[in-house]
Protein chains: 2
Amino acid sequence: MQRDAQVEKTAMRHALDAGTTPGLPFGPNPRVGCAVLDADGRLVAVGHHRGAGTPHAEVDALTRAGERAHGGTALVTLEPCTHTGRTGPCADALLAAGVRRVVVGMRDPNPVAAGGVDVLRAAGVEVDVLDAHLPLARAIHAANRGWAHGLSHERPFVTWKTAGTLDGRAAAADGSSRWITGEPARAEVHALRARVDTVLVGTGTVLADDPALTVRSADGTAAPTQPLRAVMGERPVPAEARLLTDGAAETVHLTTRDPRTALATLFERGRREVLLEGGATLAAAFLAAGLVDEVVAYVAPALLGAGFPVLGDLGITTIDDALRLRLTDVARVGDDVRLVLHPSPTAPPEE
Amino acid sequence: MQRDAQVEKTAMRHALDAGTTPGLPFGPNPRVGCAVLDADGRLVAVGHHRGAGTPHAEVDALTRAGERAHGGTALVTLEPCTHTGRTGPCADALLAAGVRRVVVGMRDPNPVAAGGVDVLRAAGVEVDVLDAHLPLARAIHAANRGWAHGLSHERPFVTWKTAGTLDGRAAAADGSSRWITGEPARAEVHALRARVDTVLVGTGTVLADDPALTVRSADGTAAPTQPLRAVMGERPVPAEARLLTDGAAETVHLTTRDPRTALATLFERGRREVLLEGGATLAAAFLAAGLVDEVVAYVAPALLGAGFPVLGDLGITTIDDALRLRLTDVARVGDDVRLVLHPSPTAPPEE
């Protein structure tokens, strides 16, 4: 059997790309892709999962590969399952296809489904699991972070996106905010939306800004698949609001002011990754409750000196109580700066 | 005559380092250094200017080089002068020493002193001026930016240093602010102070924070030479204020609230580079008057949600009037982010 690390890496990248195809139906299932190399190390098939009730990625890829999988290698982004759900166990399918080697992108954190690596090894298949520190493994983990987070926390992964001036203003005193950031930063926000399954705002933002919250390309065209748009709060949403009248995406109104209740409802609906957009009050409620897992902040090289702050009151009155985060990335995006922050590992744990 | 680009570059770097020796007396004169290579291309002397009334850098270096300058090369950070002030013209001194080649770091923007390059060339000396885009030339320009700015604007170059949270707070609601940023960012602020000749705060900052505003090393030791500490505002400064009782540096109280008046007074005293530190009101007054030439902003990965903003009211009420700056640098400093911004070239000119 041929074995070439570079060929396997390229095949795993194909598997990841297939598993994260834009427009796949979102839901509580992981995003999984699988590539198959034949016994001579040639890429013969790539498959992926298409949502609950459809074949798993391995079965999809093995079906495409047919006889050519025999004696070959399967590269699968997630550990093959061993349980029979709506589809049969993938570990068995790999054995039945006569695959001699399997490379796994990440272990399955779900105890019900895990164990595929052991089953395969017990049957004499050579199995490697990617080192979690490799860039490719990190990309695979990132693609499934909402799903993995849901398994361990039973709520969606929450990213707060904010954009403001250097002095922390999201809008001027008259409420105007278009545009604080430049076009490249705004394009990135559409990419952020495309990555999540839910975009969440407060009723205050709907009343003040009437946003569409759809994923659009630079020319304004709506993407074929859109995240769910969720509005949270007890005030009614006007029937003429853009996010109700613009049919590009589904909209839900969560009539609660409690972040925990809102996330529980979204989780029950199969939502795993929420982008919190705009609304200083909403952001403050999530942050104060310890329910923000990531902050993506765009800082524009502009000063307002007055106006609406990017963040509402957290109940913090002294510097020692400041909410400290961990800066994980900083980069220039057009004329703006993007900071990515995560909860500090030394911060007190979420209640 | 030997000529080696690398040797000349190294020599010019020595000249720059000599001209910007920490602890040199500050004043309205440029910071100039000069290195001399002998006819075989060996570095034989480095000299620098030590403030008004002392020999210019060229004369200092040529005196040290003596006979060895004959047939050699002089590398001088600023175009040699042609006028007789308190010292004789440097172009003549270079000719008298028999130097055959001169490399100039930057042209003299002062029309009274300029012309050295032409005088030297007319006398048969080979003269090169560094391309202003080279990193070394940029460093030379930067070292003299206060002086050059003074020539063209008749006021000091003003840098506003600010430090705040991601949501634009300089202090919590109870006034506490130690420490918003980490140790590496605070060490940089001391380096910023060491580079300027004046540190300026408002009386409000003195009353609220009682800062020392001295240049100190990490162990708290005050540097041997300190910038002037200037306090601006009409309120009295308490006799027990640290910047009056700490004898490490000179302190002046400018009893005005007008930024233009304050800068005129400092300029008359020979001050050319002012670091504006702290004070949201003071910063707003300078920004609104178009008197900030550079912003150095430290953003800490922390959120307060309330408290004192980094910047006071600029009188801006709508987004189209936001003060737009040009982001010239962004970098991580410890756990914080440093942004450097300059007035946008498209902004309306200063009145």
Side-chain angles (χ1 to χ4, degrees), chain A residues 160 162 164-180 280 283-284 287-288 292 295 297 299-307 309-332 334-342 344, chain B residues 160 162 164-180 280 283-284 287-288 292 295 297 299-307 309-332 334-342 344:
Chain A
W160 173 39
T162 175
T165 60
L166 185 57
D167 58 325
R169 305 290 177 177
D174 67 354
S176 58
S177 64
R178 291 189 181 176
W179 298 106
I180 280 185
L287 285 162
V292 171
V295 178
V299 177
L303 297 165
L304 275 167
V310 291
L311 180 61
D313 201 339
L314 297 170
I316 295 171
T317 57
T318 194
I319 193 70
D320 290 340
D321 295 340
L323 187 58
R324 296 272 172 188
L325 300 163
R326 188 167 45 93
L327 179 69
T328 45
D329 190 46
V330 56
R332 195 173 174 143
D335 294 330
D336 305 305
V337 175
R338 180 192 61 230
L339 288 79
V340 180
L341 307 104
H342 290 94
S344 171
Chain B
W160 174 40
T162 175
T165 60
L166 186 56
D167 59 324
R169 305 290 177 177
D174 68 353
S176 57
S177 64
R178 292 188 182 176
W179 297 107
I180 280 185
L287 284 162
V292 172
V295 178
V299 177
L303 297 165
L304 274 167
V310 291
L311 180 61
D313 200 339
L314 296 171
I316 296 171
T317 57
T318 193
I319 192 70
D320 290 339
D321 294 339
L323 186 58
R324 297 272 172 188
L325 300 163
R326 187 167 46 93
L327 179 69
T328 45
D329 190 46
V330 56
R332 196 173 174 143
D335 295 330
D336 305 305
V337 175
R338 179 193 59 230
L339 289 80
V340 180
L341 308 105
H342 289 94
S344 171

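Note on naming: letters A, B, ... go to the chains in the order of the sequence lines (proteins, then strands), and numbering restarts at 1 for each one. Just so it is clear, the structure is predicted and the values come from calculations on it, not from any experiment.
Annotation: maximal heavy-atom pairing with chain B below 4.5 Å, among A:Ala170, A:Gly175, A:Pro301, occurs at A:Pro301. Counting heavy-atom pairs under 4.5 Å between each of B:Ala331, B:Ala300, B:Ala322 and chain A puts B:Ala322 at the top. Considering only heavy-atom pairs separated by less than 4.5 Å from chain A, the leading option among B:Ala173, B:Gly307, B:Ala283, B:Ala171 is B:Ala173. Here B:Ser177 is the residue among B:Gly164, B:Ala297, B:Ser177, B:Pro309 with the most heavy-atom pairs under 4.5 Å with chain A.
Residues A:Val330 and B:Val299 form no side-chain contact, since every pair of their non-hydrogen atoms from C-beta on lies 4.5 Å or further apart. Side-chain contact between B:Thr165 and A:Leu311 is absent, with no heavy-atom pair separated by less than 4.5 Å.
The contact between B:Ile180 and chain A is made by backbone and side chain atoms together, counting heavy-atom distances below 4.5 Å. Interface residue B:Arg178: only backbone heavy atoms are found under 4.5 Å from chain A. For B:Ala284, no part lies near chain A; criterion is any non-hydrogen pair under 4.5 Å. Heavy atoms of B:Leu339 lying under 4.5 Å from chain A belong exclusively to its side chain. Contacts of A:Leu304 with chain B are made by both backbone and side-chain atoms, with heavy-atom separations under 4.5 Å.
Nearest heavy-atom pair across B:Ala172 and A:Thr317 is CB-O, 3.4 Å. In terms of heavy-atom proximity, B:Ala306 sits nearest to A:Asp313 at CB-OD1, 3.9 Å. Contact detail for B:Leu327 and A:Asp336: the closest heavy-atom pair is CD2-O, 4.2 Å. Residues A:Ser176 and B:Ile319 come closest through the heavy atom pair OG-N, 2.8 Å.
A:Asp321 is linked by a salt bridge (Lys or Arg N to Asp or Glu O under 4.0 Å) to nothing, counting only residues two or more places apart in sequence or in another chain.
The CG atom of B:Asp167 lies 9.5 Å from the CG atom of A:Leu323; values are rounded to the nearest 0.5 Å. Note: B:Asp329 CG to A:Arg332 CZ = 8.0 Å, rounded to the nearest 0.5 Å.
Within the 3.5 Å criterion, the main-chain N or O of B:Asp174 finds no donor-acceptor partner in the side chain of A:Thr318.
Of the candidates A:Val310, A:Leu287, A:Thr162, A:Leu287 is the only one forming a side-chain contact (heavy atoms from CB on, under 4.5 Å) with B:Leu303.
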